[in-house]
Asker: 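Structure in structure tokens, see below.
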Amino acid sequence: MKKKVADFIGKHGLLSHEGLHLVALSGGADSVALLLILKDLGYRIEAAHCNFHLRGEESNRDEEFVKVLCTKENIPLHLIHFDTKEYANLHQVSIEMAARNLRYGYFYQLIEDLGAENVCVAHHRDDAVETLIMNLMRGSGIHGLTGIRALHDKIVRPLLCVSRQEIEDYLHSIGQRYVVDSTNLVDNVLRNKIRLNVLPLLEQINPHVSENIGKSAQFLQEAEKVVKAAIAQQKEELVKCNPQQQAETVSIMDLKQLPSPELFLHEWLAEKGFNSTQVEQVAIHVDGLPGRTFETADYMLLIDREHLVLAPHKMPMKPLRIPEAGRYRINACYCIDIKDCDNIFILKSNNCITIDKAKVKYPLMIRLIENGDSFIPYGMKGKKLVSDFLTNIKCSLLEKRNQMVITDCEGQIVWLIGKRIDNRFRVTGQTTQVLQIALINS
């Protein structure tokens, strides 16, 4: 047993003999075995126990047990008490999530306070198998089918190479007692149902089912590395950034050339909060009529004519008052530069315009477009709704949403930024001075 764990630690580079390692010690069979094995293997360890006060006297029994064990083994012990129910009520989370947040928050604080390298937790192979089955039932992607990782951040799991039965047999062989959490013996939650009902049934069909599923999870972990490398390369090639809109775009034509467009979409969008059902719908409608949108709490994805456009919800922007010529920051990416010019010349581009200074009345205002905004586009005589103008030049929904304008003191639109000036402010034969306005990278 000890050799198996030692080989696993060495194979994955989990622990060092020079550093200090914390052991999460509940008093159950798994954590007791982990504590004793790491001690016997010569690692420098200290134990940490959390009393969540969720099981009455049983919680106090567990605390007393770990105290006695650590005293006997001469291992320093760190204890903490939590009002878990109060935390759950305060933060509006489940008891299970509350206990998890409190436990790992304490562990990370201990790591920092003690200068420890990591904390060792006693998840074993059966835990990994249970997690895989739970994720399979939920319709997880490849990541969910890789089980539990041996190393994640500063959380280390040296017992993933052994089963629960091996752990209990080991403790029995050395005459070591442990405590039993009574809540693990009742099939009232999904994990317990799998542990108490599903896995025993599968073991009747194949006694090596846990070991075989564990091997499959390891293969999938290796396969995931290949997939992630391929997806990272695809993202680098396909995802284009538009700083002005804070958006990412992907060519639909390029997307369709990939071996698995849906897998790419899942990896691209899942990190922005899109669920698997939404990703499936995006993949189905990518060839549909443009204009369809999908949203999370923070992002919106637009299926545009030739691109998928992903952007955060409407950029927050307070109107910016401009009392005189100068340089003004609009957001993190852009500034507006306004200059008085005596020489009469016309400079016109998407991001730089020249207008008649005499026709401009300060203060100017920079803001996002609003419903009902209208202007007289350069070269035209009649007014046109800004929304109609943007539709006519085939602007996407996201472009419309983030379109900025400059208005004069009377609220007239001077410039639909990056698109068109208002005809009333154009340079004419009677112009004596001009105003140059440029949108520049800051």
Side-chain angles (χ1 to χ4, degrees), residues 1-2 4-16 19-26 28-31 33-35 37-38 41 43 45 48 50 96-97 99-112 116-164 166-167 190-191 194-195 199 209-232 263 266-267 270-271 273 276:
M1 174 80 168
K2 285 189 287 187
K4 197 171 184 180
V5 174
D7 290 344
F8 184 77
I9 291 171
K11 176 182 177 182
H12 295 279
L14 302 182
L15 305 175
S16 72
L20 172 65
H21 308 284
L22 296 176
V23 176
L25 181 62
S26 68
D30 311 333
S31 64
L34 176 62
L35 185 82
I37 288 173
L38 293 185
L41 291 176
Y43 291 103
I45 59 173
C50 303
E96 292 77 12
M97 183 59 67
R100 175 184 173 82
N101 291 347
L102 290 168
R103 175 169 62 246
Y104 283 106
Y106 175 58
F107 291 160
Y108 280 114
Q109 188 61 55
L110 267 183
I111 288 172
E112 182 177 342
E117 290 189 0
N118 44 42
V119 59
C120 303
V121 296
H123 293 122
H124 48 72
R125 189 175 66 211
D126 290 357
D127 290 321
V129 170
E130 292 162 11
T131 299
L132 187 152
I133 292 174
M134 289 170 64
N135 289 338
L136 182 64
M137 292 170 64
R138 291 167 177 158
S140 171
I142 187 172
H143 180 72
L145 301 182
T146 58
I148 302 174
R149 302 303 177 101
L151 175 63
H152 178 69
D153 195 13
K154 292 186 180 295
I155 307 298
V156 179
R157 300 179 174 91
L159 297 187
L160 280 182
C161 58
V162 295
S163 67
R164 181 181 293 107
E166 288 177 286
I167 290 170
L190 178 58
R191 185 177 289 277
I194 293 171
R195 176 186 301 136
L199 277 177
V209 64
S210 291
E211 182 179 357
N212 292 341
I213 292 177
K215 288 179 180 177
S216 295
Q218 291 176 17
F219 292 145
L220 285 168
Q221 286 180 18
E222 296 305 310
E224 187 186 28
K225 294 177 185 177
V226 177
V227 170
K228 283 189 174 297
I231 294 294
L263 179 59
H266 183 275
E267 294 297 319
E271 62 188 26
S276 56

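Values below: every heavy atom of this structure, side chains too, minus hydrogens, waters and symmetry copies.
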Asker: Could you note down all residue pairs passing salt bridge (Lys or Arg N to Asp or Glu O under 4.0 Å) where residues 139-153 supplies at least one of them, sequence neighbours left out?
Answerer: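 As it turns out, the salt bridge (Lys or Arg N to Asp or Glu O under 4.0 Å) pairs with a partner in residues 139-153, which skip direct neighbours, are Arg149-Glu224.
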Asker: I need the Ile155 CD1 to Leu14 CG distance, nearest 0.5 Å.
Answerer: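 It is 12.5 Å, given to the nearest 0.5 Å.
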Asker: Side chains of Leu102 and Cys50: does their closest heavy-atom pair fall under 4.5 Å?
Answerer: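 No, too far: nothing below the 4.5 Å cut-off.
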Asker: Is it true that Glu96 and Arg191 make a salt bridge, defined as a side-chain N closer than 4.0 Å to a carboxylate O?
Answerer: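 Salt bridge: no.
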Asker: So, using side-chain hydrogen bond (donor to acceptor under 3.5 Å, both in side chains) as the criterion, who are the partners of Lys215 when residues are at least two apart?
Answerer: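 For Lys215, no residue satisfies side-chain hydrogen bond (donor to acceptor under 3.5 Å, both in side chains) once neighbours in sequence are set aside.
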Asker: Quick one, Leu15 and Leu41 - any side-chain contact, counting heavy atoms below 4.5 Å?
Answerer: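 Answer no - side chains too far apart.
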Asker: How long is the gap from CE on Met1 to SG on Cys161, to the nearest 0.5 Å?
Answerer: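 Here the rounded value is 7.5 Å.
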Asker: Return the CD1 to CG distance between Ile194 and Asp127, rounded to the nearest 0.5 Å.
Answerer: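 Ile194 atom CD1 to Asp127 atom CG measures 11.5 Å (nearest 0.5 Å).
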Asker: Do Val119 and Leu110 make a side-chain contact, defined as non-hydrogen atoms from C-beta onward lying under 4.5 Å apart?
Answerer: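 A side-chain contact is absent here, since even the closest heavy-atom pair is not under 4.5 Å.
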Asker: Evaluate the side-chain proximity of Leu160 to Phe8: yes if any heavy-atom separation is below 4.5 Å, no if none is.
Answerer: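 Yes, at least one pair of side-chain atoms sits under 4.5 Å.
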Asker: Is there side-chain contact between Arg157 and Ile148, with at least one heavy-atom pair below 4.5 Å?
Answerer: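 Heavy-atom side-chain distance check passes, below 4.5 Å.
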Asker: Let me confirm one number: the NE2-CG distance from His152 to Asn118, rounded to the nearest 0.5 Å.
Answerer: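 It is 13.0 Å, given to the nearest 0.5 Å.
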Asker: Whether the side chain of His124 engages the backbone of Asp126 through a donor-acceptor N/O pair (distance < 3.5 Å, no angle test) should be reported.
Answerer: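 Yes, because the side chain of His124 sits within donor-acceptor range (under 3.5 Å) of the backbone of Asp126.
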Asker: Would the number of heavy atoms belonging to other residues, nucleotides or ligands and lying under 6.0 Å from OH of Tyr108 be above 12?
Answerer: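 Result for OH/Tyr108: enclosed.
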Asker: Can you tell me how far the NE2 atom of His21 sits from the CG atom of Leu34, to the nearest 0.5 Å?
Answerer: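 Between atom NE2 of His21 and atom CG of Leu34 there are 11.5 Å.
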Asker: Look at the side chain of His123 and the backbone N and O of Asp30, then say whether any donor-acceptor pair between them is shorter than 3.5 Å.
Answerer: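 No: the side chain of His123 does not pair with the backbone of Asp30.
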Asker: Hey, does Ile9 have a side-chain heavy atom less than 4.5 Å from the side chain of Leu38?
Answerer: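 The answer is yes; the side chains approach within 4.5 Å.
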Asker: Holding to side-chain hydrogen bond (donor to acceptor under 3.5 Å, both in side chains), I want the full list of residues that pass it with Arg100, two or more places apart in sequence or in another chain.
Answerer: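 Expected list: none.
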Asker: What's the verdict on side chain to side chain contact (heavy atoms under 4.5 Å, CB included) for His12 and Leu151, showing C-alpha distance, side-chain angles and the deciding distance?
Answerer: CA-CA 8 Å; His12 295 279; Leu151 175 63; over 6 Å; no
